[in-house]
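Quantities reported herein were computed from a predicted structural model and do not represent experimental measurements.
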Amino acid sequence: MAVEVGDLAPDFELKDQHGTPVRLSDFKGKKNVVLVFFPLAFSGVCTGELCAIRDELPSLGDAEDVQVLAVSVDSMFALRAWADQEKYGFPLLADFWPHGGTARLYGVFDEEKGLAVRGTFVIDREGTVRWKVVNAIPDARDLDEYRKALAGL
């Protein structure tokens, strides 16, 4: 079942690229969250998207008010190598085991390919999904849409 705008965002706990557990509920009452599912680390479109988020993060909203969480089925070890290489300053979360469990919870897991499609959810401080977009694997997302969604919060 897909998560829709207006739904309470399902809570989850995943390890980041350093092995630290991160829960969505850690940000409730504190920050808006941009939850970005991506197919695979080190792939061309994913690198371009996450580098754009890295470079444009200050223009997405007040850094004190917005937390980016990027999620893929890669292991935390692959995510660590990629984060170090690309100098990502936000958590990369490993939806490694159970394989794609969080992507399934949000309705963005491609069962045939075994990975997440490009799903993005803007979640307000109260934990409600305020905006979402789901793109096919080869189709990059538009950061201007993130800005508009965050400006509306």
Side-chain angles (χ1 to χ4, degrees), residues 2-3 9-125 127 129-143 145-147 149-150:
V3 173
D11 197 19
F12 59 84
E13 181 178 305
L14 297 171
K15 289 185 180 179
D16 70 9
Q17 69 266 33
H18 303 286
T20 305
V22 175
R23 292 182 63 94
L24 178 62
S25 57
D26 292 343
F27 303 99
K28 191 168 184 179
K30 299 173 188 169
K31 290 188 175 194
N32 298 306
V33 173
V34 178
L35 182 60
V36 179
F37 290 90
F38 63 95
L40 293 170
F42 294 101
S43 62
V45 176
C46 295
T47 299
E49 280 192 312
L50 267 63
C51 285
I53 290 171
R54 176 200 65 206
D55 296 345
E56 298 294 326
L57 190 56
S59 72
L60 292 179
D62 181 356
E64 298 298 315
D65 193 43
V66 177
Q67 178 65 56
V68 172
L69 300 175
V71 181
S72 79
V73 298
D74 295 292
S75 73
M76 72 174 196
F77 304 106
L79 293 175
R80 174 74 183 264
W82 194 42
D84 288 351
Q85 175 181 303
E86 299 299 337
K87 299 181 179 22
Y88 296 133
F90 45 85
L92 302 183
L93 305 179
D95 195 11
F96 186 72
W97 197 257
H99 187 77
T102 301
R104 281 186 182 91
L105 188 61
Y106 277 77
V108 295
F109 190 75
D110 183 320
E111 294 287 343
E112 186 176 304
K113 291 185 172 81
L115 45 78
V117 296
R118 295 180 193 286
T120 304
F121 300 83
V122 172
I123 302 164
D124 69 16
R125 280 187 219 89
V129 176
R130 294 297 177 191
W131 180 81
K132 87 174 224 185
V133 65
V134 178
N135 288 4
I137 290 170
D139 300 329
R141 292 162 278 207
D142 182 354
L143 282 183
E145 295 299 320
Y146 294 15
R147 285 186 196 89
L150 289 164

Next on the checklist: Going by the rule ring pair (Phe, Tyr, Trp, His ring centres under 6.0 Å), which residues pair with Phe90 if we only count those two or more places apart in sequence or in a different chain?
Outcome noted: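 Listed in chain order: Tyr88.
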Item to check | Lys15 atom NZ, neighbour heavy-atom count above 12 within 6.0 Å | outcome: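 No, because the 6.0 Å sphere around NZ of Lys15 holds 12 heavy atoms or fewer from other groups.
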Next on the checklist: For Phe27, is the CZ atom crowded, meaning more than 12 foreign heavy atoms sit under 6.0 Å from it?
Outcome noted: yes
Next on the checklist: If the condition is salt bridge (Lys or Arg N to Asp or Glu O under 4.0 Å), which residues does Asp139 pass it with, not counting sequence neighbours?
Outcome noted: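 Expected list: none.
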Which atom pairs, donor and acceptor, lie under 3.5 Å between side-chain atoms of residues 36-45 and protein residues at least two apart or in another chain?
from: Ser43; atom 1: OG; to: Leu40; atom 2: O; distance (Å): 2.8

Next on the checklist: Checking Trp131 against Thr120: is there a side-chain donor and acceptor pair closer than 3.5 Å?
Outcome noted: no
Item to check | Close side-chain approach of Glu56 and Arg147, heavy atoms under 4.5 Å | outcome: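 Heavy-atom side-chain distance check passes, below 4.5 Å.
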Next on the checklist: Between Leu35 and Tyr106, is there a side-chain heavy-atom distance shorter than 4.5 Å?
Outcome noted: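 They are in side-chain contact.
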Ignoring hydrogens and angles, tell me if any N or O in the side chain of [X] forms a donor-acceptor pair with the backbone of [Y] under 3.5 Å.
| X | Y | answer |
| --- | --- | --- |
| Arg23 | Phe12 | no |
| Arg54 | Glu86 | yes |
| Ser25 | Lys28 | no |

Checklist entry - Out of Leu69, Val66, Asp26, which residue meets the side chain to side chain contact (heavy atoms under 4.5 Å, CB included) rule with Val33? => result Leu69
